[in-house]
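Since the structure is predicted, the reported quantities are computational estimates derived from the model, not experimental observations. Both backbone and side-chain heavy atoms feed into the values below; hydrogens, waters and symmetry mates do not.
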Amino acid sequence: MDLKEVEKKWQKIWEERKLHEFDYGNISSKLYVLEMFSYPSAAKLHIGHWYNYGPTDTYARFKRMQGFNVFQPMGFDAFGLPAENYAIKTGIHPKDNTLANIATMREQLKAIGGMFDWSAEVVTCMPDYYKWTQWMFLQLYKNSLAYRKEAPVNWCPSCQTVLANEQVIDGSCERCHAKVLRKNLTQWFFKITAYAEELLEGLDEIDWPEKTKLMQRNWIGKSVGGEIEFKTENGDSFKVFTTRADTLFGVSYVVLAPEHELVDKLTAPGQREAVERYKFQSAMTTEIDRMSTVREKTGLFLGSYAIHPLTGEKIPIYIADYVLVSYGTGAVMGVPAHDERDFEFAKKYGLPIKRVIKGEEGKDELPFVEPGVLVDSGEFSGMGSEAAKDAIMEKLKTLGSGQKKVNYRLRDWLVSRQRYWGAPIPIIHCPRCGEVPVPEEDLPVELPYDMVFTPDGQSPLAKCEQFVNTVCPKCGAPAKRDSDTLDTFVCSSWYFLRYPDAKNSQKPFDSELINKMLPVDKYVGGAEHACMHLLYARFFTKALRDMGYLNFDEPFKSLVHQGVILGPDGNRMSKSRGNVVSPDTYIEKYGTDIFRLYLMFGFSYIEGGPWNDDGIKAVSRFIDRAEKIVLKAFSMEGSKQIGPAERDLDCVKNYTIKQVSADLEVFGFNTSIARLMELVNAMYKYDQESQKDAEFFKACARDLVLLIAPFAPHFAEELWEMIGGPFSVFKQRYPKCDEKALVRDEVEIAIQVNGKVRARVNVPSQLDREQLEKYVLTLQQVEELAQGKPVKKVIAVPGKLVNIVL
RNA sequence: GCCGAAAUGGCGGAACAGGCAGACGCAAAGGACUUAAAAUCCUUCGGAGAUCCUAUCUCCGUGCCGGUUCAAAUCCGGCUUUCGGCACCA
């Protein structure tokens with residue numbers, strides 16, 4: 001079969017016959033299968049796209065053949081930094097470049113032969129999409145879930161521009177190598193923390209990989225404790241968050257983040273210069289370095305003191321870069337006797353180490369970080385840690401200097417970008433009225449085309465007069481548009497809601513329809529999105545639900561991560577490493593069916609691994625063998641009584657049906673294909689029989705074509721036509737397993753002696769545990785193995801083994 | 001550094017909830033067919049050893065060290081290496 005011709009032929013027919021369009025008349029049997037949409041930073045699909053879309057399409061086709069009305073849309077996540085950087089480098093406009101890339105990728109995606117419903121395509125950089133991204137922003141704004149505050153950005157003092165983390169290499173600008181600073185800018189945030197608790201609890205309800213849920217749990221980072229207020233000598237006050245209020249009497253210093261708002265005020269005159277220097281140093285250190293637990297702790301005494309809220313002692317105030325403004329209150333209390341980090345810090349700066357928690361007898365070593373019994377803690381001495389936490393927080397509450405608090409590591413989501421290629425933020429800044437949302441009827445706020453991208457210290461849009469100058473929708477006075485654009489994660493936080501109603505020009509989506517189409521039944525994409533995209537999408541869903549637009553709580557009922565295909569050298573594929581493998585050469589040679597089949601057969605889907613094309617010929621051979629035996633069966637004549645050979649083949653066939661169906665449910669493509677190979681092998685074996693039953697063999701061959709169809713769609717469609725099947729093979733039902741055919745009279749089990757396999761025997765398959773034990777002990781072989789030693793114990797596992805302990 | 005994963009023959013990978021390690025393939029070797037090659041088909045294929053030396057048996061073997069168990073690739077403790085993420089790549 002000329003697979004490449006066959007692929008073209010069926011792609012054309014499928015498109016003409018609209019085989020892949022979703023049937024909106026039959027939503028009750030819908031199955032929403034979604035792959036993460038692609039980012040068109042380069043024109044061509046890479047192996048990663050193929051690995052995501054090919055196998056998932058096999059799953060979708062399998063589900064379709066099981067009778068589901070499958071909705072599998074595709075689109076493009078088209079805004080983002082790389083297109084803009086490319087424009088700065090080459091002068092090609094991001095829009096032109098992006099749209100050209102999309103056009104190429106769309107054709108390639110069609111050539112994969114996936115059953116994508118292109119009538120539902122979305123492209124996030126088009127005004128008919130980002131209009132609704134802006135609408136989303138306005139709804140969050142109206143519901144007090146969008147707000148502005150100051151936050152640090154990476155700032156290159158030489159390029160005069162904000163840098164993405166990716167553009168900072170070892171603390172320097174990737175373009176000019178100047179030292180990067182952190183600088184504060186006023187920026188928009190989404191209040192994802194308002195949903196922290198629900199985002200945490202919702203994880204229990206969804207069918208996601210445990211590791212992903214665990215990562216999200218840790219990312220949200222709930223800790224239960226208290227906020228304790230420390231007053232300073234000059235009457236200011238600040239709060240610290242702690243989970244160990246029981247150690248409060250052991251506090252010997254407090255530490256503020258260098259960026260803490262009170263630092264300047266609390267700095268003694270003699271310390272000012274040193275403090276400035278320290279602040280500058282920390283501004284140049286990355287957060288990852290600052291959080292390192294092995295890096296030597298540094299800090300600086302500010303020269304002023306706080307007052308201990310219970311003892312009234314004077315406590316020195318330090319700044320240290322291991323304290324982050326973005327976590328908790330940006331200040332911590334130092335309890336050297338009961339915290340590793342504080343212990344280290346106190347030893348380095350000669351601070352008192354005061355033990356206030358006693359452990360069991362003999363556990364005298366410091367730091368002692370476990371719970372215990374309080375000592376030297378005034379009225380609380382003698383209490384256990386847990387009780388003391390409560391009691392101390394209660395006491396602080398009556399004094400007005402503390403309260404219990406749940407703290408989350410999760411921070412609000414910074415969505416402002418000082419860049420061009422994104423959805424403009426639909427806010428107008430009026431000198432009189434302040435920040436005014438753009439009225440919904442004025443959306444979209446269109447991104448102007450004629451632009452200068454050269455970085456010079458401002459957002460590109462701020463320099464575009466015709467964009468930035470407008471009038472206040474409230475008072476009509478001259479006003480300025482917000483010149484920042486939205487993080488592209490905002491676009492991708494709701495695209496799955498747009499797909500089923502992608503052409504709606506009145507609303508982002510029709511709630512009634514979306515409530516029937518969602519949640520997504522199977523979402524497939526990379527694990528690298530575990531904490532950000534997947535969390536943001538959940539947040540959007542919950543926020544829209546609370547606004548009344550949706551009636552479900554979670555966007556993705558079930559989630560699968562494909563693994564990463566690495567370069568042949570085991571490293572991540574990258575141009576700079578020169579280890580990029582292009583799918584195109586393989587498709588040129590073998591066609592898309594063989595390529596996707598190999599991706600499924602050569603790797604464990606969830607694991608991925610280094611690229612290696614050793615097995616690609618094998619799947620090509622498998623397809624040839626399958627074709628040959630199917631055509632041979634259909635050219636056969638003759639009949640006979642169904643005998644052992646037929647029963648054997650029937651058993652293999654039904655076992656294959658059962659295993660393939662079960663493995664596909666869990667994306668076990670490699671084992672599914674292995675089972676299909678076994679079936680083909682069994683058919684060749686049957687073909688050796690001197691007497692065959694043609695009708696039986698044809699039925700088996702017909703089932704084989706159906707079984708292969710989701711894996712090699714074009715090939716199977718062609719073969720189906722050749723054996724006289726009606727259009728289309730994908731309108732047929734996937735074969736079902738006949739359990740009766742699987743029943744065998746005898747089953748081989750292993751005989752173990754003291755846990756080592758000594759023999760294999762056939763036993764009647766229907767024996768239960770006790771019967772099996774008795775049966776095996778009567779065997780002569782077993783007597784020989786026991787060599788007259790007394791049998792101490794027998795463990796029988798029906799269908800598997802019998803272990804005899806002597 | 002922190003969070004999350006992974007490690008199985010020469011190679012890709014199987015092994016469902018602790019129950020026969022190596023399914024299915026690749027590569028390799030031998031053979032059949034052929035004038036020859038390709039293709040195809042058949043056989044062997046973790047390591048070491050023993051024997052009445054090619055379907056008989058023994059020992060070792062799932063990254064490393066230890067433990068639990070009648071039984072561990074699988075569970076527990078401690079390492080090593082590799083991969084994903086760490087909030088402005090998406």
Side-chain angles (χ1 to χ4, degrees), chain A residues 36-39 41 77 79-82 85 153-154 162-168 187 209-212 214-219 221 286-295 326 409-419 487-489 491-492 526-533 535-536 561 563-564 566 570-572 601-604 606-610 612-619 621-622 624-625 628 659 662-663 666 668 670-678 681 684 748-757 759-760 792-797 799-806:
Chain A
M36 290 180 182
F37 58 176
S38 29
Y39 179 75
S41 69
D77 188 13
F79 275 135
L81 180 65
N85 284 342
V153 293
N154 297 315
V162 176
L163 298 178
N165 287 340
E166 188 192 50
Q167 297 174 293
V168 182
Q187 315 205 64
E210 276 309 316
K211 64 160 192 167
T212 310
L214 190 55
M215 277 192 268
Q216 285 210 355
R217 284 192 188 102
N218 290 336
W219 186 265
T286 67
E287 271 196 11
I288 289 177
D289 284 338
R290 284 173 62 166
M291 286 186 297
S292 167
T293 48
V294 291
R295 188 168 147 265
S326 50
R409 206 181 71 97
L410 182 70
R411 328 207 277 239
D412 277 340
W413 172 14
L414 198 170
V415 295
S416 305
R417 297 290 181 269
Q418 292 70 48
R419 304 188 191 284
D487 178 6
T488 52
F489 274 126
C491 310
S492 57
E528 66 273 21
H529 294 290
C531 294
M532 302 179 74
H533 162 62
L535 198 61
Y536 296 150
H561 295 304
V564 181
L566 305 170
N571 290 304
R572 206 189 170 94
F601 182 63
F603 303 85
S604 159
I606 312 289
E607 301 293 329
N612 167 342
D613 59 11
D614 280 351
I616 196 158
K617 267 190 258 149
V619 294
R621 189 161 7 193
F622 160 65
D624 282 346
R625 275 166 63 80
K628 268 186 211 150
Q659 291 299 310
D663 286 355
V666 294
N670 53 351
T671 48
S672 301
I673 294 169
R675 298 294 86 81
L676 290 172
M677 288 171 166
E678 281 167 353
N681 291 345
Y684 272 87
E748 191 190 65
I749 64 158
I751 305 290
Q752 293 184 333
V753 176
N754 291 338
K756 298 208 167 183
V757 179
R760 292 183 173 90
K792 233 195 261 173
K793 194 174 168 187
V794 179
I795 294 116
V797 184
K800 302 256 169 164
L801 54 70
V802 174
N803 187 12
I804 298 157
V805 186
L806 298 176

Next on the checklist: Students often get this wrong, so: under 4.0 angstrom with heavy atoms, is A:V757 touching a base, only sugar-phosphate, or nothing?
Outcome noted: sugar-phosphate

Checklist entry - What are the two closest heavy atoms between A:A530 and A:Q216, and how far apart are they? => result O-NE2, 2.8 Å

Item to check | Whole-angstrom distance between B:C75 and B:A17, as gauged at atom P | outcome: 10 Å

Item to check | Atom C1', compared across B:C89 and B:G25: separation rounded to whole Å | outcome: 37 Å

Checklist entry - Is B:C52 in the syn or the anti form, by the rule that syn lies within 90° of 0? => result syn

Checklist entry - What interatomic distance, in whole Å, is found between C1' of B:C33 and the corresponding atom of B:U43? => result 15 Å

Checklist outcome for this item: Nearest-nucleotide check on RNA chain B, A:Q187 vs A:G609; residue mapping nearer the 5' end is A:G609

Next on the checklist: Checking one value: the base orientation of B:G63, syn if chi is within 90 degrees of 0, otherwise anti.
Outcome noted: anti

Item to check | Glycosidic class, syn or anti, of B:A73 using a 90° window around 0 | outcome: anti

Checklist entry - Just checking A:R409: base, sugar-phosphate only, or nothing, at a heavy-atom cut-off of under 4.0 Å? => result base

Checklist entry - Contact class for A:R290 (heavy atom, under 4.0 Å): base, sugar-phosphate, or nothing? => result nothing

Checklist entry - Closest nucleotide of RNA chain B for A:R411 versus for A:K211: which of these residues is on the 5' side? => result A:K211

Item to check | Sidechain-backbone polar pair: A:Q659 side chain, A:R675 backbone, donor-acceptor under 3.5 Å | outcome: no

Next on the checklist: Heavy atoms only, 4.0 Å cut-off, all strands: where does A:W413 land among base, sugar-phosphate and nothing?
Outcome noted: nothing

Checklist entry - Yes or no on side-chain contact (heavy atoms from CB on, under 4.5 Å) for A:N670 and A:F603, after CA distance, side-chain angles and deciding distance? => result CA-CA 7 Å; A:N670 53 351; A:F603 303 85; over 6 Å; no

Checklist entry - Which part of the nucleic acid, if any, lies within reach of A:A530 when heavy atoms closer than 4.0 Å are counted: base, sugar-phosphate only, or nothing? => result nothing

Checklist outcome for this item: Judged by whether its glycosidic angle lies within 90° of 0, B:U54 is syn

Item to check | Heavy-atom side-chain contact between A:F601 and A:I616 under 4.5 Å | outcome: no

Item to check | Sugar-phosphate only, base, or nothing, as touched by A:D624 at under 4.0 Å among non-hydrogen atoms | outcome: nothing

Next on the checklist: Classify A:F622 by what it touches in the nucleic acid, base, sugar-phosphate, or nothing, heavy-atom distance under 4.0 Å.
Outcome noted: nothing

Checklist entry - What nucleic acid atoms does A:L81 come within less than 4.0 Å of, heavy atoms only: base, sugar-phosphate, or nothing? => result sugar-phosphate

Item to check | C1' spacing across the pair B:C76 / B:C20, given as an integer number of angstrom | outcome: 25 Å

Next on the checklist: Any base atoms under 4.0 Å from A:V153, or only sugar-phosphate, or nothing? Heavy atoms, all strands.
Outcome noted: base

Checklist entry - What is the ring orientation for A:H529 with A:F489, classed by angle as parallel under 30°, tilted 30 to 60°, or perpendicular over 60°? => result perpendicular

Item to check | Touch class at under 4.0 angstrom, heavy-atom based, for A:M677 against every strand present | outcome: sugar-phosphate

Checklist entry - Is A:S416 touching bases, backbone alone, or none of the nucleic acid, heavy atoms closer than 4.0 Å? => result base

Item to check | Step-by-step side-chain contact (heavy atoms from CB on, under 4.5 Å) determination, A:V802 to A:I749 | outcome: CA-CA 7 Å; A:V802 174; A:I749 64 158; 3.7 Å; yes

Item to check | RNA chain B stem ranges, 3 or more consecutive Watson-Crick or G-U pairs under 3.5 angstrom | outcome: B:1-7 with B:80-86, B:10-12 with B:24-26, B:28-32 with B:40-44, B:46-50 with B:56-60, B:63-67 with B:75-79

Next on the checklist: Among residues at least two apart in sequence or on other chains, which ones pass side-chain hydrogen bond (donor to acceptor under 3.5 Å, both in side chains) with A:Q167?
Outcome noted: none

Next on the checklist: Please give the distance between the C1' atoms of B:U8 and B:A72 as a whole number of Å.
Outcome noted: 14 Å

Item to check | Gap in Å between the two P atoms, one belonging to B:G22 and one to B:C41, rounded | outcome: 25 Å

Item to check | A:L535/A:L410 under side-chain contact (heavy atoms from CB on, under 4.5 Å): CA gap, chis, key distance, verdict | outcome: CA-CA 11 Å; A:L535 198 61; A:L410 182 70; 3.8 Å; yes

Next on the checklist: Could you tell me how far B:G10 sits from B:C64 if I compare only their C1' atoms? Round to whole Å.
Outcome noted: 22 Å

Next on the checklist: Anti or syn, where syn is a glycosidic angle within 90° of 0; which label fits B:C53?
Outcome noted: syn

Checklist outcome for this item: Residues at least two apart in sequence or cross-chain that pass side-chain hydrogen bond (donor to acceptor under 3.5 Å, both in side chains) with A:R625, listed by chain then number, are A:N681

Checklist entry - Does A:N754 have any side-chain hydrogen bond (donor to acceptor under 3.5 Å, both in side chains) partners at least two apart in sequence or in another chain, and if so, which? => result none

Checklist entry - Looking across every strand, which nucleic acid part, if any, lies under 4.0 Å from A:Y684 by heavy atom: base, sugar-phosphate, or nothing? => result nothing

Item to check | side-chain hydrogen bond (donor to acceptor under 3.5 Å, both in side chains) involving A:D663 - partner list, sequence neighbours excluded | outcome: A:T671

Checklist entry - What are the 5'-most and 3'-most nucleotides of RNA chain B lying under 4.0 Å from any heavy atom of chain A? => result B:G1 to B:A90

Checklist entry - If you take all heavy atoms of A:A750 and A:V757, which pair is closest and at what distance? => result CB-CG1, 4.2 Å

Checklist entry - Taking the same atom, C1', in B:A15 and in B:U74, what whole-Å distance lies between them? => result 10 Å

Checklist entry - For A:E528, which contact category applies under a 4.0 Å heavy-atom criterion: base, sugar-phosphate, or nothing? => result base

Next on the checklist: Using a 4.0 Å heavy-atom cut-off, does A:L410 contact any base of the nucleic acid, only the sugar-phosphate backbone, or nothing at all?
Outcome noted: base

